[in-house]
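Each chain gets a letter, A, B and so on, in the order its sequence line appears, and its residues count up from 1. All figures in this text were calculated on a predicted structure; none of them were measured in a lab.
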Protein chains: 2
Amino acid sequence: MARKSQSDPAQTPFGSNPALPVDAKSGAPRAADKIRRTARELFYAEGIRAVGVDEIVTKAGVTKPSLYRAFPSKDELAAAYLRDYDAEFWQRFEARLDAAGRDNPRAGLMDFLQSLNDRASAPNYRGCGLSNTAVEYPDDAHPARRVSEDHKRKLRLKLAELAADMGADDPKQLGDGLMLLIEGAFVSGQIFHAGGGPARALVDAATRLIESHLKG
Amino acid sequence: MARKSQSDPAQTPFGSNPALPVDAKSGAPRAADKIRRTARELFYAEGIRAVGVDEIVTKAGVTKPSLYRAFPSKDELAAAYLRDYDAEFWQRFEARLDAAGRDNPRAGLMDFLQSLNDRASAPNYRGCGLSNTAVEYPDDAHPARRVSEDHKRKLRLKLAELAADMGADDPKQLGDGLMLLIEGAFVSGQIFHAGGGPARALVDAATRLIESHLKG
DNA sequence: CATTTAACGTACCGGTCAGTCACATGAACA
DNA sequence: TGTTCATGTGACTGACCGGTACGTTAAATG
C-alpha cells in the first residue's frame with residue numbers, strides 16, 4: 001500500500017504546500033500537521049465559512065478528536081492557517097527584496113508586484129487569504145480576523161518604509177497608494193480570474209505612481 | 001401601537017435604505033419588500049453566509065414561507081440583494097458624473113472617488129457588497145456571484161470609457177489602474193475601518209495616475 | 001351573503017453544523 | 001513487562017441550517 005495521498009503536490013496560487021514535518025522516529029506525518037495542511041488548502045480555495053470541520057478531517061485522513069486535540073476550535077484553526085499564511089507571505093516578500101539587493105528597494109518591490117501580477121492571472125487564483133478572511137469575518141474580536149488585521153497593518157508600514165527608502169517625498173502617501181493597488185489586485189484577480197483582469201495593470205500603475213512621487 | 005420599526009432610519013455606509021414601497025390599498029409594506037430591505041442590511045453588514053434566513057425573517061417581522069414565496073431560495077435572495085445594490089451603485093455613480101457635467105468626466109470621477117474615500121473611513125464601513133460576495137462565493141455558477149461578476153465587468157468598461165473621454169493615451173490601462181485603486185479602497189476600508197486606512201490615499205493616487213496618463 | 005383569491009402565519013422536516021465523550025489501539029521507551 | 005503518548009472509533013449532543021406542507025385571515029368579487 002505504502003503512503004497514499006502523500007505524493008499530491010498541492011499546488012496553490014500562493015505556492016505549493018511545503019513538505020509535511022514528520023515524526024522523528026516513525027517517519028509519519030503528525031495528525032496536527034496534516035490538518036493544518038489540509039485546512040490551508042480548503043480554507044484558501046473555498047473560504048473559511050464554506051468549509052466544515054468534517055470535510056477537513058476526512059480529506060486529511062484523520063479524525064475529529066485529533067483536530068480538537070490540536071486546536072481549541074475551528075476559529076482558532078482558521079487563525080493558525082492565517083498565521084502560516086502570514087509567515088509564508090513575508091518569507092517570499094523579503095526574499096524578493098533580498099534578491100534585488102537591500103540598496104535597491106524599488107527593484108525588489110517591482111519584482112514582488114510582477115510575481116503577484118502573474119499569480120493573479122492564474123485560473124484558480126483566490127486572492128489573499130488574509131484579506132478574504134477580513135471580508136468573511138467583520139467582527140474585530142474574531143481570532144482569524146485579528147491575524148488578518150495585524151498582517152495588513154504590518155504590510156502598510158512595510159510599504160511606507162520601502163517608499164521612504166526609495167526617496168519618496170511623502171512615503172506614507174506612496175505606501176498607501178501602493179497598498180490600494182496591491183489589495184485591488186488581490187480582489188480583482190479572483191473576480192476576473194482567468195487571463196487576469198485589471199490586475200494586469202498592477203505593475204504599470206505602480207510604476208507611474210512611484211515615478212510621480214519621485215519627481216516631486 | 002401604530003407601526004413599530006418603521007421609523008428606523010437604517011443608515012448604512014452605502015446610503016440609507018430607501019422608503020419601503022407600500023401596498024396601494026392597505027398602505028402597509030409588503031412582506032417581500034420588508035425581506036428585501038432587511039436582507040440587504042444584514043447581508044451587507046455581516047456577509048451572506050453569516051446570515052441565516054431565520055434571522056432575516058425575524059428581523060423583518062415576517063415568516064419564512066413569505067420569504068420562499070417571494071424568492072426561490074436564499075441564494076436567489078442574495079442575488080436580488082446584489083441586483084438592488086448594483087442598481088443603486090450606478091444611480092449614484094451616474095449622478096456624480098451628471099453633476100460634474102458630461103463634458104468633464106474627470107471631475108465627475110474624482111467626485112465619486114472623494115465620496116468613496118469618505119464612506120470608506122466610516123466606522124461601520126464594510127466595503128463593496130458585490131466584491132465581498134465574490135470573496136464569499138468562489139463558484140462562478142452561484143447566482144449571487146454572477147451578479148457580482150457582471151457588475152465588475154461593467155465597471156471596468158465604464159472606467160476605460162471615462163479614461164478615453166479624459167483623453168488618455170491608453171484608456172484601458174488607466175481604467176484598470178483606477179479599478180485597482182477603487183477595489184483596494186473597498187477592501188482596505190473595511191480592514192482599517194475607523195479613521196480610514198490606506199483608502200485615504202485614494203484621491204491622491206488616482207490624481208497622480210490620471211496625470212501620468214494625460215502627460216504621455 | 002357566499003365564495004373566491006391573495007397574502008400570510010403555524011408548525012414541522014431532514015440534514016448539517018461545531019464540538020465532546022468514553023474507550024480502544026498501537027508504537028516507543030524504560 | 002508495564003507505562004506513556006498520539007491517535008483512531010463510534011456514538012452523541014444541541015443548535016442551527018435551508019426549505020415546505022398546510023391552515024388561517026381578510027379583503028375583493030359575484
OP1, OP2 of C/dA7 versus side-chain N and O of B/R69: anything below 4.0 Å? no

Send over the distance from B/I56 CD1 to D/dG19 C1', rounded to a whole Å. 13 Å

Run the salt-bridge test on B/E94 and B/K158 with the 4.0 Å N-O cut-off and return the result as yes or no. yes

Nearest to the side chain of A/R30 - C/dA18, D/dT9, D/dT7? D/dT7

Compute both the distance and the angle, then confirm whether B/R36 meets the cation-pi test with B/Y81: under 6.0 Å from the six-membered ring centre, within 45 degrees of the axis. no

Expressed in angstrom and rounded to an integer, what is the separation of A/D54 atom CG from C/dG19 atom C1'? 10 Å

Side-chain contact check for A/Y68: nearest option of D/dT9, C/dG19, C/dC12 is C/dG19

From the set C/dC21, C/dA7, D/dG19, return the single nucleotide nearest to any side-chain atom of A/P65. C/dC21

Check the angle between the aromatic planes of A/F89 and A/F112 and answer parallel, tilted or perpendicular using the 30° and 60° thresholds. perpendicular

Between CD1 of A/I48 and P of C/dA18 the distance, given in whole Å, is 12 Å

Among the nucleotides C/dG19, D/dG8, D/dG18, which one has an atom lying closest to any side-chain atom of A/S73? C/dG19

Please determine whether a side-chain nitrogen or oxygen atom of A/K74 lies at a distance below 4.0 Å from atom OP1 or OP2 of C/dA18. yes

Gap between atoms CG and P, on B/L67 and C/dA7 respectively (whole Å): 16 Å

Do the numbers put A/R119 on top of the ring of A/Y125, so that NZ or CZ is under 6.0 Å from the six-membered ring centre and no more than 45° off the axis? no

Between atom CD in A/E55 and atom P in C/dG19, what is the gap in whole Å? 16 Å

Distance check needed: D/dG18 C1' versus B/R49 CZ, whole Å only. 13 Å

Against the side chain of B/K64, the closest entry in D/dG10, C/dA7, D/dG19 is D/dG19

Just wondering, do A/E136 and A/R145 contact through their side chains at under 4.5 Å, heavy atoms? no

Between C/dA18 (P) and A/D75 (CG): distance, integer Å: 10 Å

Tell me whether the side-chain N/O atoms of A/S66 come closer than 4.0 Å to OP1 or OP2 in D/dG8. yes

For a quick check of understanding: with a heavy-atom distance under 4.0 Å over all strands, which category does B/V51 fall into, base, sugar-phosphate or nothing? sugar-phosphate

Send over the distance from B/F71 CZ to C/dC8 C1', rounded to a whole Å. 15 Å

